[in-house]
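A short worksheet on the structure shown next.
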Amino acid sequence: MEFEFILVNPTFAQHVALIQLNRPKELNALNLQLMLELKQALAHLDDQDEVRCIIITGNQQAFAAGADIKQMESRTPIDLLKIDQFETWDQIRKTKKPIIAAVSGFALGGGCELAMTCDMIIASETAKFGQPEIKIGIMPGAGGTQRLTRAIGKANAMELVLTGKFIGAEEAKSLGLINRVVPEELYLDEALKLAKEIAQMSPIAVRLAKESVNKAFESGLQEGLYFERKNFYMTFASEDQKEGMSAFVEKRKAEFKGK
Ligand code: HXC
């Protein structure tokens, strides 16, 4: 797959695809074209049975320093309404396969929001997270106020959103924003390790479980519990459920086929 602002490797490892944001001179600032490409690449990978887990990364200096301020600077509210840029974000959020953000350097504004739109975040110890929009007279628009608040609680989210300050990877970990912090040279390896572990599971169970965890994140408890129950029942319609449980009883490793 050829794109201008991202690099896509559908066979990065067995069952694992890699998408690299690739505007290094602009610290991977997320312009509209890049987001459109990301949406297209994710939709394509989501359709490939061979791909079971997707990693999104940037480079050592930046995951992404936010939406492209130069592109947004002169926009009017009506321009923004017509461009409807969040439609791409909604599509990314609908990706069925698990997405791991492998973050090094800046993950700011839309960059932090993109990492939070992924399902898990592995960070290098040099990673810096923040929602600095307030410093340029705007506020987060791609889910920052909602996802950050759910992830780290009201007091912490309020402070980050209202001051625009950055936090390091260790603090992000202690607040519950990210999964793990590793030395800079290992962040992609660590994300790959996690992706490979998930890729061994039943793709059907993974898809339904991802949907269900997201439901907990996005809805009230009662609605989430009913949704989870329905998806739990659905896993019993798969051959993988039979295989997984037989393998447990027979004390052998399960061979999942995605059926
Ligand atoms: C456009 C950006 C950019 C951005 C960096 N650059 N961030 N261009 N949009 N968000 C460009 C710079 O203009 C510069 O290009 C080059 O990348 C290197 O950046 P420097 O500022 O020279 O690097 P440094 O001094 O190391 O500072 C790094 C930084 C700073 C702290 C990350 O660049 C910064 O504060 N960036 C903006 C962060 C931000 O406010 N993000 C939120 C955006 S709003 P030139 O050509 O000038 O050398 C947002 C809304 C989301 O994300 C909601 C909608 C999706």
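Atoms within each ligand, like the ligands themselves, are counted from 1 in listed order. Below, each value reflects all heavy atoms present in this structure, side chains not excepted, and no hydrogens, waters or symmetry copies.
At least one N/O-N/O distance between Ala67 and ligand 1 falls below 3.5 Å. Polar contact check, Gly141 against ligand 1: no nitrogen or oxygen pair lies under 3.5 Å apart. Ligand 1 has no N or O atom lying under 3.5 Å from any N or O atom of Ile138, backbone or side chain. When only interatomic distances are considered, the shortest N/O to N/O separation between Ile136 and ligand 1 does not fall below 3.5 Å.
Within the structure, the closest approach of Pro132 to ligand 1 falls below 4.0 Å when heavy atoms are considered. Taking a 4.0 Å cut-off on heavy atoms, Gln131 fails to register as neighbouring ligand 1. Proximity of Met72 to ligand 1 is established by a heavy-atom distance of less than 4.0 Å.
Checked for salt-bridge contact, Asp119 and Lys210 meet the test: a charged N lies under 4.0 Å from a carboxylate O. Between Glu87 and Lys39 there is a salt bridge, since at least one side-chain N of the basic residue sits less than 4.0 Å from a carboxylate O of the acidic one. Taking 4.0 Å as the cut-off between side-chain N and carboxylate O, Glu159 and Lys154 do not count as a salt-bridged pair. Here Glu125 does not pair with Arg180 in a salt bridge; the nearest charged N to carboxylate O distance is not below 4.0 Å.
Residues Val16 and Leu38 do not share a hydrophobic cluster, defined by chaining ILVMFWY side chains whose heavy atoms lie under 4.5 Å apart.
Using a 4.0 Å threshold on non-hydrogen atoms, atom 34 (C) of ligand 1 does not count as touching the protein.
Taking each of Glu26, Lys135, Lys70, Arg23 in turn, the one with a heavy atom nearest to atom 13 (O) of ligand 1 proves to be Lys70.
At a 4.0 Å heavy-atom cut-off, ligand 1 touches Glu113 through the side chain alone.
Ranking the protein heavy atoms by distance from atom 38 (C) of ligand 1 puts Ala65 O, 3.3 Å first.
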